[in-house]
Amino acid sequence: MDKTYSPRDIEERIYHRWEDEGLFAPAGDGPPFCIVIPPPNVTGTLHMGHAFQDTIMDALTRYHRMAGDRTLWQPGTDHAGIATQMVVERQLNAEGRTLHELGREAFNERVWRWKEESGGTIARQMRRLGASVDWSRDRFTMDPGLSRAVQHAFIRLYEDGLIYRGKRLVNWDPVLKTAVSDLEVQSEEENGWLWHIRYPFANGKGHVTIATTRPETMLGDVAVAFHPDDERYRGLDGTMLALPLTGREIPLIADAFADPAFGTGCVKLTPAHDFNDYEVGQRRGLPLLNILTADAKINDEAPAAYRGLDRFEARKRIVADLEAAGLLEKVEPHRLTIPRGDRSGAVVEPWLTDQWYVRVEKLAAPAIRAVEDGRIRFVPENWDRTYFEWMRNIKDWCISRQLWWGHRIPAWYGPDGAIYVGESEDAVRGTHQLAASLPLTQDEDVLDTWFSSGLWPISTLGWPERTQELSTFYPTSVLVTGFDIIFFWVARMVMLGMHFTGEVPFRQVYIHGLIRDHEGQKMSKSKGNVLDPLDIVDGIELEALVAKRTTGLMQPQLAPAIARSTRKQFPDGIPAHGTDALRFTFASLATLSRDLRFDLGRVDGYKNFCNKLWNAARFVLMSTESPLPAGPEAPAAHDRWIRSRLAATIAAVREAFAQYRFDLAAQAVYEFTWYEFCDWYLEFSKPVLQSDESDPAARRAARRTLLETLEALLRLLHPIMPFITEEIWGRVAPRAGVTGASIMRQPFPEAPADAADPVIESEMRWVMDFILGVRRIRGELDIAPSVPLTVRLQAASTQDLERYARHEAVIRRMAGIAGATALGAGEAPPQAAAALLGDLRILVPMAGLIDVDAELARLGKRRGKVEQELARASAKLGNASFVQNAPAEVVMQERERLEVFKRELAQLAEQHERVASLR
RNA sequence: GGGUGCUUAGCUCAGCUGGUAGAGCGUCGCCCUUACAAGGCGAAUGUCGCAGGUUCGAUCCCUGCAGCACCCACCA
């Protein structure tokens with residue numbers, strides 16, 4: 001093995017081998033286990049959130065694969081309608097061309113080309129991260145098979161009466177010029193104004209005053225409402241008003257919709273441009289007057305003076321005209337929520353159009369029940385409340401989009417406006433027996449991306465065909481995703497999956513937190529704090545990092561600040577850490593918290609961990625030969641001890657995986673590896689291995705234990721750190737007598753039932769405490785390691801002496817002592833510093849090497865601590881109700897503690913006196 | 001307006017069904033001891049947000065408050 005661990009040399013090579021050998025495909029006949037990947041945008045790149053999510057899914061996948069399950073991690077990408085279309089459109093614009101010049105067909109060809117070009121990026125990145133997806137089953141939402149699934153789903157829902165076409169108000173994005181669903185609208189509080197405007201009575205005698213945040217919509221007003229109980233307007237129901245600037249007359253009506261407490265109590269009604277007003281209008285039979293074009297300019301329904309003006313321009317003009325007419329009563333500042341399109345950032349308009357909708361109520365009911373009765377379980381559990389909250393108030397889902405990139409809606413219109421839904425024009429003509437001469441035109445629109453995403457678990461497995469994969473892997477086992485798409489995606493998969501198959505799409509939904517930067521900020525291009533996971537893996541020079549963060553900004557003026565903060569945070573760029581270190585970091589970050597702060601310092605730490613493991617393996621390989629020599633074996637206590645500790649660690653890791661506590665799994669395996677295996681066990685084994693005088697049977701046992709423990713440890717670590725474990729395992733396994741092409745297909749470790757050994761653990765605890773006691777004296781009294789110590793044992797029991805004898809070689813080496821001898825009965829103890837180990841006192845004679853003051857200080861410090869503990873324990877035991885009510889076990893334990901403290905205190909006092917007398 | 005989280009060592013976070021507060025990073029000493037200086041050995045550091053309550057006992061359970069996030073919602 002190379003002396004240093006260098007991830008770059010091993011990772012790519014190993015991944016290719018796995019892939020070439022087909023190790024990612026489901027195998028065996030164990031119970032099925034399946035995860036479908038949340039499909040990233042095909043033209044996108046992986047960010048930290050993806051890398052985190054992929055790490056979790058891969059860890060689960062590898063864990064289950066090793067546990068013997070027939071495991072499929074289903075990969076794929078999403079066509080991401082709006083996002084992708086916007087990117088390509090921007091490319092076009094940069095070339096000085098527009099979408100419409102190109103035409104629909106040519107544009108789509110162009111998007112496909114772009115998809116082919118950039119579509120491999122994600123896959124390349126996933127390979128670097130070690131993702132063990134079954135690439136042979138890679139899918140794209142616009143693949144022919146998946147497109148067929150989408151079409152089939154649409155047709156069936158239509159036939160089931162769950163899809164309809166309707167003219168109503170939708171959220172209209174005037175920049176993208178498409179309808180969007182409620183979920184794609186982001187409402188933010190912003191500062192605005194409240195305009196108070198007078199609407200004169202038609203008879204010229206007086207006026208009412210309305211308050212509005214959107215004066216330009218007055219051009220579409222069809223009524224003004226006041227509350228029926230509002231005394232101020234008693235008897236005015238039905239009075240006609242002269243709508244300013246328009247020459248139109250509209251009625252004043254009494255309607256409970258108006259809130260007497262707001263503004264003047266009068267509200268203008270614009271049913272074509274406001275969701276509330278629309279509802280009132282429907283109820284009251286008011287007309288709809290649309291005054292806006294698709295790009296939110298004033299249309300020809302409005303007075304000539306305003307036609308063609310942008311809505312915000314029109315607002316200014318109208319306010320000015322009202323003021324000039326003396327109708328503007330006042331303007332006051334007002335906080336209001338502004339709805340913006342989540343992609344374009346444009347203010348969304350409620351706009352009257354024909355769109356396709358999914359009638360969700362019937363779909364939602366079984367989807368709610370599935371979570372209520374536990375067929376689907378959220379982890380952490382409380383996300384079900386979020387799910388319920390939304391599902392119980394769900395509204396019909398607008399699924400048509402006025403885009404070109406996506407699944408075209410399979411509907412055709414006759415000249416009379418009749419709607420025919422089917423697989424193709426021919427099919428439609430056939431089913432409905434339409435004359436060949438009857439002209440049919442297909443709907444121009446495409447479906448919401450989330451419609452096809454909602455089918456993902458079934459469509460990737462082959463639905464609507466009844467494939468082998470579908471029957472094997474559906475329902476899938478667990479969905480791993482972020483809480484931000486519970487509504488967009490999770491809920492829709494449940495509804496659609498259940499409707500089409502009668503079964504839930506997944507049994508568990510593991511909701512992970514959001515990766516933020518080290519300051520807790522969301523990572524975003526415009527904040528300039530994004531990290532490319534592969535830059536952490538491979539490292540990146542400072543200048544390259546700065547360039548990466550500052551190019552392609554939507555707001556180029558942010559570049560200098562971003563460059564500055566980047567240089568400050570990473571003065572030397574980012575060093576290479578390797579994939580395993582990054583993955584281990586993600587695993588240890590995967591707590592139940594919803595915000596996860598990513599700190600590069602942790603990756604550094606886990607890279608060191610990789611190095612530690614690497615070197616431990618080197619030691620094991622250097623200390624053993626292949627194959628293990630035959631012969632009788634005599635395991636030492638520490639051999640049995642490490643097996644006992646390994647068993648406990650295995651149990652902890654398995655439990656952690658079962659609970660999706662990757663952080664606890666990582667922690668358990670980290671602590672075992674570093675603190676138990678490396679810090680203690682390897683050192684324990686050295687005297688046996690490196691001495692020519694040791695018992696050959698003990699040596700054989702040590703070598704076996706070394707190899708077997710490491711081999712199991714590698715398997716235990718593999719789901720989280722696949723590369724380094726594979727690399728080391730390839731060398732270690734043969735010596736441990738394990739055969740196999742790859743660690744990937746080895747069984748996940750199981751704790752042998754008889755491995756746990758409390759007796760041995762307590763004996764080794766004694767050994768370790770002995771060593772620690774001497775080391776502490778050395779450290780605190782500043783005795784150089786080169787100074788050999790000979791210690792005396794005072795008040796040693798038979799057991800102490802036996803233990804010392806059994807472990808003398810280890811203790812001498814690790815505590816750095818030349819030897820230890822028991823104090824004879826009646827022999828006066830030497831002047832010495834002492835470490836306490838139960839009743840046993842380990843005396844380090846002070847002759848000439850101990851600083852009296854330092855030792856006194858040391859004793860005093862310890863005494864303070866013990867006194868504190870003692871006081872606490874005795875207070876507890878002095879409390880009658882504690883003794884009475886606490887479980888006997890607890891009380892007994894407390895009594896023991898008290899005794900121990902008392903004894904220790906006495907010993908400390910005695911020691912203190914003796915040392916002080918040296919002065 | 002409704003809902004959900006969070007507050008523990010300088011920083012980032014664990015702490016399972018209430019029973020002696022932990023880790024990593026950082027800090028401070030001493031060591032290049034032949035697996036590893038990406039290391040070893042040792043050390044320091046906490047009124048567990050605040051105030052009540054339940055309990056023999058509360059970081060943990062309950063109530064209230066404060067601060068910080070986030071989600072949902074049509075108030076002109």
Side-chain angles (χ1 to χ4, degrees), chain A residues 1 3-5 182 187 194 210-214 217 225 257-259 261-270 274-279 334 336-337 339 350 380 382-383 385-386 389-390 393 483-484 486-487 514 518 520 575 581 585 588-589 591-602 604-623 655 659 661 663-664 667 670-671 675 678-679 682-683 686 690 772 775-780 782-786 813-814 816 861 869 872-873 876 879-887 889-891 893-894 897:
Chain A
M1 265 175 99
K3 184 152 186 194
T4 47
Y5 158 65
D182 297 344
S187 289
L194 192 59
I210 58 93
T212 180
T213 54
R214 301 206 51 196
T217 62
F257 164 68
D259 176 3
F262 187 94
T264 59
C266 277
V267 58
K268 68 193 225 29
L269 296 174
T270 324
D274 181 285
F275 288 103
N276 289 311
D277 296 2
Y278 180 80
E279 221 169 275
H334 185 71
L336 73 164
T337 48
N382 44 300
W383 284 109
R385 302 193 57 164
T386 305
E389 168 107 352
W390 189 71
N393 299 298
F483 54 83
D484 49 331
I486 290 179
F487 307 146
L514 198 73
H518 67 114
T585 308
S588 64
L589 226 46
T591 62
L592 299 182
S593 176
R594 56 164 68 177
D595 294 321
L596 310 171
R597 292 195 193 199
F598 186 87
D599 188 349
L600 212 53
R602 283 187 84 156
D604 287 334
Y606 294 129
K607 182 185 162 197
N608 294 352
F609 177 64
C610 291
N611 191 54
K612 189 77 182 171
L613 181 66
W614 182 265
N615 280 294
R618 280 183 60 224
F619 172 77
V620 171
L621 291 170
M622 284 160 60
S623 310
E655 174 66 13
Q659 313 274 339
R661 289 301 302 268
D663 59 325
L664 299 182
Q667 195 184 346
Y670 182 98
E671 287 174 355
Y675 306 135
C678 291
D679 285 354
L682 295 189
E683 299 302 326
K686 282 178 184 175
Q690 296 173 356
L772 288 171
R775 278 179 182 169
R776 192 168 298 135
I777 290 173
R778 212 187 253 285
E780 290 181 15
D782 266 341
I783 305 170
S786 51
R813 180 181 180 123
M814 295 181 71
K861 207 165 58 180
E869 293 293 330
R872 221 196 291 190
K876 256 189 179 177
N879 183 343
S881 46
F882 169 74
V883 179
Q884 212 165 14
N885 295 321
E889 216 180 271
V890 174
V891 177
Q893 195 191 337
E894 207 59 36
R897 275 163 47 82

Open item on the list: At less than 3.5 Å, do the side-chain atoms of A/R597 and the base atoms of B/rU12 form a donor-acceptor pair?
Closed with: no
Task: From A/Q659 atom CD to A/L592 atom CG, the distance as rounded to the nearest 0.5 Å - done: 9.5 Å
Task: Integer angstrom distance from the P of B/rG52 to that of B/rG26 - done: 40 Å
TODO: Have a look at A/L621 and say if it touches a base, only the backbone sugar-phosphate, or nothing, with a 4.0 Å heavy-atom cut-off.
DONE: nothing
Open item on the list: What is the separation between atom CH2 on A/W614 and atom P on B/rA35, rounded to the nearest whole Å?
Closed with: 17 Å
TODO: Would you mind pulling out the nucleotide paired to B/rC6, Watson-Crick or G-U wobble, both distances under 3.5 Å?
DONE: B/rG67
- [ ] Determine the Euclidean distance between corresponding P atoms of B/rC32 and B/rU17; express it in Å to zero decimal places.
- [x] 48 Å
Task: Pairing nucleotide - B/rC48, Watson-Crick or G-U, each distance under 3.5 Å - done: none
Task: Nearest-0.5 Å distance, NZ of residue A/K612 to CZ of residue A/F609 - done: 10.5 Å
Open item on the list: Distance check needed: B/rU34 P versus A/L682 CG, whole Å only.
Closed with: 15 Å
Task: A/N608 side-chain N/O to B/rC36 phosphate OP1/OP2 under 4.0 Å - done: no
Task: Atom C1', compared across B/rC50 and B/rA58: separation rounded to whole Å - done: 15 Å
Open item on the list: Given B/rC70, B/rA14, B/rU20, identify the nucleotide with an atom nearest to the side chain of A/F483.
Closed with: B/rC70
Open item on the list: Looking at B/rG15, I'd like to know if its phosphate oxygens (OP1 or OP2) sit under 4.0 Å from a side-chain N or O belonging to A/R661.
Closed with: yes
Open item on the list: Please evaluate residues A/K268 and A/T217 with respect to the criterion side chain to side chain contact (heavy atoms under 4.5 Å, CB included), reporting the C-alpha separation (whole Å), side-chain torsions for both, the decisive distance (0.1 Å), and the verdict.
Closed with: CA-CA 9 Å; A/K268 68 193 225 29; A/T217 62; 2.7 Å; yes
Task: RNA chain B: 5'-proximal contact among A/F275 and A/V620 (nearest heavy atom) - done: A/V620
Open item on the list: Under 4.0 Å, counting only non-hydrogen atoms across every strand here, what does A/Q884 touch: a base, just sugar-phosphate, or nothing?
Closed with: nothing
Open item on the list: So A/F487, base contact, sugar-phosphate only, or nothing? Heavy-atom distance under 4.0 Å.
Closed with: sugar-phosphate
TODO: Starting from P on B/rU33, measure out to CD1 on A/I783 and report it in whole angstrom.
DONE: 19 Å
Open item on the list: With rounding to the closest Å, how many angstrom separate the P atoms on B/rG57 and B/rG18?
Closed with: 15 Å
Open item on the list: Tell me which nucleotide, if any, is Watson-Crick or G-U wobble paired with B/rG1 when both distances must be under 3.5 Å.
Closed with: B/rC72
Open item on the list: Using the side-chain heavy atoms of A/E671, tell me which of these nucleotides is nearest: B/rC56, B/rA23, B/rA35.
Closed with: B/rA23
TODO: In whole angstrom, give the distance that lies between atom CZ of A/R872 and atom P of B/rG57.
DONE: 15 Å
Task: Parallel, tilted or perpendicular, as decided by the 30° and 60° cut-offs, for the rings of A/Y675 and A/Y670 - done: perpendicular
Open item on the list: Does the protein touch nucleotides 3-9 of chain B at the base, only the backbone, or not at all? Give it as B, S and - per nucleotide, heavy atoms under 4.0 Å.
Closed with: SBS----
Open item on the list: Mind checking if A/D604 touches a base, just sugar-phosphate, or nothing, with heavy atoms under 4.0 Å?
Closed with: nothing
Open item on the list: What's the gap between B/rC13 and B/rC6 when it is taken at their C1' atoms, as a whole Å value?
Closed with: 13 Å
TODO: Taking only the side-chain nitrogens and oxygens of A/K861, find out if one of them lies under 4.0 Å from OP1 or OP2 of B/rA43.
DONE: no
TODO: Figure out the CZ/C1' separation between A/R776 and B/rA43, and round it to whole Å.
DONE: 10 Å
TODO: Between B/rC16 and B/rC68, how far apart are the C1' atoms? Round to whole Å, please.
DONE: 27 Å
Open item on the list: What's A/A258 touching, base or sugar-phosphate or nothing? Going by heavy atoms closer than 4.0 Å.
Closed with: base
Task: Closest to the A/V890 side chain, choosing from B/rA35, B/rG19, B/rA38 - done: B/rG19
Open item on the list: Any base atoms under 4.0 Å from A/R897, or only sugar-phosphate, or nothing? Heavy atoms, all strands.
Closed with: base
TODO: Using the P atoms only, state how far B/rG22 lies from B/rU27, rounded to an integer number of Å.
DONE: 23 Å
- [ ] Name the pairing partner of B/rA58, where a pair is Watson-Crick or G-U wobble with both distances under 3.5 Å, or state none.
- [x] none
Task: Inter-nucleotide P distance (B/rG19, B/rU12), Å rounded - done: 27 Å
Open item on the list: If the cut-off is 4.0 Å, is A/K686 near the phosphate of B/rU34, judged by side-chain N/O to OP1 or OP2?
Closed with: no
Task: Residue A/R602, side-chain heavy atoms: nucleotide from B/rU12, B/rG40, B/rU20 that is nearest - done: B/rU12
- [ ] Answer with base, sugar-phosphate or nothing: what part of the nucleic acid does A/N393 contact at a heavy-atom distance below 4.0 Å?
- [x] nothing
Open item on the list: Please report the distance, rounded to the nearest Å, between CE in A/M1 and P in B/rC36.
Closed with: 12 Å
Open item on the list: So does A/M814 get a backbone contact from the side chain of A/R775, meaning a donor-acceptor N/O pair under 3.5 Å?
Closed with: yes
TODO: Answer with base, sugar-phosphate or nothing: what part of the nucleic acid does A/P350 contact at a heavy-atom distance below 4.0 Å?
DONE: nothing
TODO: Please round to the nearest 0.5 Å and tell me the distance separating atom NZ of A/K686 and atom OG of A/S623.
DONE: 8.0 Å
TODO: Walk me through it: do A/E889 and A/Q893 pass the test side chain to side chain donor-acceptor pair (under 3.5 Å)?
DONE: CA-CA 6 Å; A/E889 216 180 271; A/Q893 195 191 337; over 6 Å; no
Open item on the list: Side-chain N or O of A/N885 versus OP1/OP2 of B/rC56: is the shortest distance under 4.0 Å?
Closed with: yes
Open item on the list: In this structure, how many angstroms lie between the P atom of B/rA73 and the CD atom of A/E279, rounded?
Closed with: 15 Å
Open item on the list: Using modelled atom types and a 3.5 Å cut-off, is there a donor and acceptor pairing between side-chain atoms of A/R602 and backbone atoms of A/L589?
Closed with: no
- [ ] With RNA chain B as reference, determine whether A/W390 or A/G779 sits nearer its 5' end, using the nearest nucleotide of each.
- [x] A/G779
Open item on the list: Under a 3.5 Å cut-off for both contacts, is B/rA21 paired Watson-Crick or G-U wobble with anything, and if yes, with which nucleotide?
Closed with: none
Open item on the list: OP1 or OP2 of B/rC36 versus the side-chain N and O atoms of A/K3: is any pair under 4.0 Å?
Closed with: yes
TODO: Please report, rounded to the nearest Å, how far the P atom of B/rA37 is from the NZ atom of A/K607.
DONE: 13 Å
Task: Sugar-phosphate only, base, or nothing, as touched by A/D259 at under 4.0 Å among non-hydrogen atoms - done: base
Open item on the list: Of the listed nucleotides (B/rG19, B/rA35, B/rU20), which one gets closest to any side-chain atom of A/K612?
Closed with: B/rA35
- [ ] May I ask you to decide if the ring planes of A/F487 and A/W390 are parallel, tilted or perpendicular, using 30° and 60° as cut-offs?
- [x] parallel
Open item on the list: Treating A/N393 as the side-chain partner and A/E389 as the backbone partner, does any N or O pair qualify as donor plus acceptor under 3.5 Å?
Closed with: yes
- [ ] Please determine, for the side chain of A/A616, which listed nucleotide (B/rA35, B/rG24, B/rG19) has the closest atom?
- [x] B/rA35
Task: Nearest listed nucleotide, side chain of A/L772, among B/rG24, B/rG42, B/rC36 - done: B/rG42
- [ ] Return no unless some side-chain N or O of A/R775 is found under 4.0 Å from OP1 or OP2 of B/rG42.
- [x] yes
TODO: Tell which nucleotide pairs with B/rU27, taking only Watson-Crick or G-U wobble pairs whose two distances are both under 3.5 angstrom.
DONE: B/rA43
- [ ] Under a 3.5 Å limit for both distances, which nucleotide forms a Watson-Crick or G-U wobble pair with B/rA35, could you say?
- [x] none
TODO: Looking at every strand, decide which applies to A/C610 at a 4.0 Å heavy-atom threshold: base, sugar-phosphate, or nothing.
DONE: nothing
